[in-house]
Asks: 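First the structure, then my questions, so here it is.
Only heavy atoms go into these numbers, but all of them, side chains included; no hydrogens, no water, no symmetry mates.
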Amino acid sequence: MTKNRSKMLIIFLTLILIIGLVASFVSFTYPLSIGGVKYKYSSFVNELVLGSDISEGVMFEYQANLREGADESDYDTLMTSTLTDLRDILESSGFKNSTISRNGDTGIRVEVGGIIDKDDSSEVISLIGSPKQLTFSSSASADDAFMTGEHVSKVEAKQMSNGVETVFYVEITFTDAGYDIISTKSAEIVADSGTFYMLLGDTQIGSSTEAVTTKSLSMSSESFVDMQTTEDYAIQIRTGMLPLELICTYNGEISATSGVRGNVTNPMLYIWIALGIMVVASLVFFVLRYKQIGAMAMFNMLFYIVFGLFFLQSVPLVHINLSGIFAIVLGYIMAIIALTTTLENAKREYARGKKLHTSLHQGINSSLASTITINIMLILAGIVCALMPTMAIQSFGLVTLVLGFVNIFCSQALMRLMINLYLPFNAEDDTKCNFTKEGVNND
Amino acid sequence: MINRDFTRSGKEYIKKNKIVIIALALIVAMGIVMLCVFGFKGGSDVKGYNTFSINVGAQYESDKLSDYHEHINTNLASYDANLHSVQLTGEGDATTLIVKYSGKVKDIATLNAEIAKDLKLNSSAISSHTKVSANLTSKDYVYAVACGLIIITLAAIYSACRYNLACTMTLLGGSVLGTILLLATTLIFRLTINSSFLAINILIILLILGESFIMFDTLEKERQKLNDKNDRSTQLTNTLKANAFRQKLMYGAIFAMSLIFIVLMPSTIKQASLIVLFATVVAMFITIYALPFLWSLTITQISDKIRVKKDKKVKAVQVTEEVEGELEQNYTENQVIEVKEDSGEDAPSTDDNITIE
């Protein structure tokens, strides 16, 4: 590579890096408006899905009552099922960072994290803010209900396409007992030229003049314009199937579950400060220990940060709670390990008498195996952890998985490029890299 | 040969680190005692907690939040209860502080009255105290252990394929020792365990595995490169020293970050960061001291066994050769005798045998 070409590439990469850093950390409103609306750019950092333990969320408190006809001795069992169902509902809605706990004897507290903006907050409130019982009734009133949601086994949002248009619908599957009841009752109602209704509380959500003859019932509506609206509807129906009747006594935004410190309610602020100090310290270390080639490594680490943040906010399912923060630290440390291994190997090769450019190339070649090994291990560990249902381990695994891939790219491909860009400027002077010759040439 | 040379370094490690080995044994023993006597100290995720809310209403001022926190903490401490966290919710008249704590307060009414007095509120602003169940179940621990075991097994299989038995044993020993030491220190220092503890355990295993692979790669390369056995020994020690420098800096960075977390963060994160701090110390000890020690020890043991087997084989071969020689000699003699017998002559003298041959 010629010196001029190298210079041009360095300038180009610096510009990309500056844009990347701005995109990662700075949110702003676009200066130009489109159709009179001013759009806001949200930085990668802002778009990270954070857990309720480190960021603000929404809290719900419920009073959980037995439904009509339920046996009081079953209360604890029904409570356990309700807690599990609530967790399932929230997770299937994408709100993985939720804390659901029994509050006293008859209360439930739900704290939902991963709230990026007010829209998310409203969405959670509309989904589980006021659960109402699902009933099947012979009239438009729940008083005439002949069956409740306890006889429904599954509610799913589905879509069907005939090549021209796509129809979205909700499929309700009954249990065996539920199918017996609804097939008999619906046949009786239809025989009397009547209609049977599906209600959530007192709100009618569907009706039919045909008898149910299969275990699944499909419901479509004009309001099901896409999969998202259909899924939201399905979730609302699922909240109506909860074993206990939930009366929401409170809902509102709440600070992180880890609590407040001093006058600050947002622990993420301190987390960024701590991570920032770690990053700055590592960058200073690179420059002090390896001088100019250390500066190239610093350049590489900054790219790692931009890529890391980009993928952490864009890969679906990645959510960051406290365990995720520790995974970020682990990923960053692994990146430092990879780069220092490369540079230390190069330094050792130089000390043994090789030329600067040869030792730098040998340094990165000899670190290839170990870098790939530790990152593959990181990726495999990430996959194993991500498959676990425990939220803390899952968050740790997903973050580790993403950063493992980023690390392989940065520590090998990008660092190789950095070395190639550096060599046209200095292929001889060891003092500029803080390398020293100690031994004799072993070649 | 290199194994024998490096054994000296291994022995030096033992000599130099006698106190460290004794200290390790003591730490593990103390951990076991603490486990038997007190068990693990579970945090709010593990044991559940008590909660109540304080409606501070419109009089709430954000810059006085730390004062509220301080008053609540002091009052709870005077009733032998531990404050977990204070959260803020609602706006205007609905502004409420949600307090989470552990411990059984006998006289809740008096505690409420004292908190209300300190916060200059009416007693009715404080709700009744309720117990909230734990978030983590026994299943979660099983998943964490399964996760750790799968990761270690995968790493061990890889190590066995890529390196050798000594490296695999070192890797397994390091990971197990690291986990045991982390559990022991958590028990001894009565650190509070929350859900992030499971992740920290996996983190320490990954750090140890990562460092093991780097070490094996470097050491195996050095072993192959250098021919002279004295050079090898010196070079391996130098390589380990160079690695240790990088490792110390790296762990220093995690250590510093954990300290910042401990100083700045709310108590829940502070507790997790304390465990990370101890985990860092354990990982540093394992990767800088224990892994090279284990590697030299296992590689010596294995090479010793191989050498003993080889010696035995050599001896066996020598004995067999001697026996075979004798048998061959007897056979030849018999043949000669038979030949002589066939020819109807007397048995020949030894000299005759030589002559025949």
Asks: Under a 4.5 Å heavy-atom cutoff, which of B:Glu70, B:Gln271, B:His84, B:Lys100 has the most pairs with chain A?
Replies: B:Lys100

Asks: Please tell me if the side chains of A:Arg102 and B:Lys131 come closer than 4.5 Å, counting only heavy atoms from C-beta onward.
Replies: no

Asks: B:Thr280: which residues meet the side chain to side chain donor-acceptor pair (under 3.5 Å) condition with it, sequence neighbours left out?
Replies: none

Asks: Could you check if a side-chain atom of A:Tyr270 sits within less than 4.5 angstrom of a side-chain atom of B:Ile260, using non-hydrogen atoms only?
Replies: no

Asks: Taking atom CG of A:Leu275 and atom CZ of B:Phe261, what is their separation to the nearest 0.5 Å?
Replies: 5.0 Å

Asks: State whether a side-chain donor-acceptor pair under 3.5 Å links B:Ser53 with A:Tyr250.
Replies: no

Asks: Given a strict heavy-atom distance threshold of 4.5 Å, which part of B:Leu88 is in contact with chain A: side chain, backbone, both, or neither?
Replies: both

Asks: Quick one: of A:Ser255, A:Ser370, A:Ser282, who has the most non-hydrogen atom pairs under 4.5 Å with chain B?
Replies: A:Ser255

Asks: Could you state the interatomic distance from CD (A:Gln394) to OH (B:Tyr143), rounded to the nearest 0.5 Å?
Replies: 11.0 Å

Asks: Looking at side-chain heavy atoms only, is the closest gap between B:Ile151 and A:Cys385 below 4.5 Å?
Replies: yes

Asks: Identify the heavy atoms of B:Ala272 and A:Leu322 that sit nearest to each other, and give their distance.
Replies: CB-CD2, 3.6 Å

Asks: Quick one: what part of B:Leu259 sits under 4.5 Å from any heavy atom of chain A, side chain, backbone, both or neither?
Replies: neither

Asks: Would you call A:Ser101 and B:Tyr49 a side-chain contact if the rule is heavy atoms closer than 4.5 Å?
Replies: yes

Asks: If you count heavy-atom pairs within less than 4.5 Å of chain B, which of A:Thr373, A:Leu330, A:Ile374 leads?
Replies: A:Thr373

Asks: Measure distances from A:Ala256 to the heavy atoms of chain B and classify the residue's part below 4.5 Å as side chain, backbone, both or neither.
Replies: backbone

Asks: How about A:Val329 and B:Met257: do any of their side-chain heavy atoms sit closer than 4.5 Å?
Replies: yes

Asks: Please find the pair of heavy atoms, one from B:Ser273 and one from A:Phe326, that lie closest to each other, and give the distance.
Replies: N-CZ, 4.5 Å

Asks: Name the region of B:Ile98, side chain, backbone, both or neither, that has any atom closer than 4.5 Å to a heavy atom of chain A.
Replies: side chain

Asks: Identify the two heavy atoms, one from A:Ala369 and one from B:Arg162, that lie closest to each other, and give their separation to 0.1 Å.
Replies: CB-NH2, 3.1 Å

Asks: Between A:Ala381 and chain B, which part of the residue has a heavy atom less than 4.5 Å away: side chain, backbone, both or neither?
Replies: both

Asks: Does A:Asp105, at its CG atom, have more than 12 non-hydrogen atoms belonging to other residues, nucleotides or ligands within less than 6.0 Å?
Replies: no

Asks: Side chains of A:Met377 and B:Tyr158: does their closest heavy-atom pair fall under 4.5 Å?
Replies: no

Asks: Please look at B:Val86 and chain A and tell me whether the side chain, the backbone, both or neither of the residue comes under 4.5 angstrom of a heavy atom of that chain.
Replies: both

Asks: Of the backbone (N, CA, C, O) and the side chain (C-beta and beyond), which part of A:Ser366 lies under 4.5 Å from a heavy atom of chain B, both, or neither?
Replies: both

Asks: For chain A, which of B:Asn194, B:Leu154, B:Leu198, B:Leu203 has the most heavy-atom pairs under 4.5 Å?
Replies: B:Leu203

Asks: Chain B heavy atoms under 4.5 Å from A:Ile325: which part of the residue, side chain, backbone, both or neither?
Replies: side chain

Asks: Which heavy atom in B:Leu206 sits nearest to a heavy atom in A:Met334, and how many Å separate them?
Replies: O-CE, 3.6 Å

Asks: Counting only heavy atoms closer than 4.5 Å, note whether A:Ile336 contacts chain B via side chain, backbone, both or neither.
Replies: neither

Asks: Checking B:Thr89 side chain against A:Glu253 main chain: does a donor-acceptor pair fall under 3.5 Å?
Replies: yes

Asks: What part of B:Leu207 gets closer than 4.5 Å to chain A, counting heavy atoms only: side chain, backbone, both or neither?
Replies: both

Asks: Looking at A:Asn103 and B:Thr51, what are the two nearest heavy atoms and their distance?
Replies: OD1-CG2, 3.6 Å

Asks: What residues, two or more places apart in sequence or in another chain, satisfy ring pair (Phe, Tyr, Trp, His ring centres under 6.0 Å) together with A:Tyr75?
Replies: none

Asks: Where do A:Asp53 and B:Ile269 come nearest, in terms of heavy atoms and distance?
Replies: O-CD1, 4.4 Å

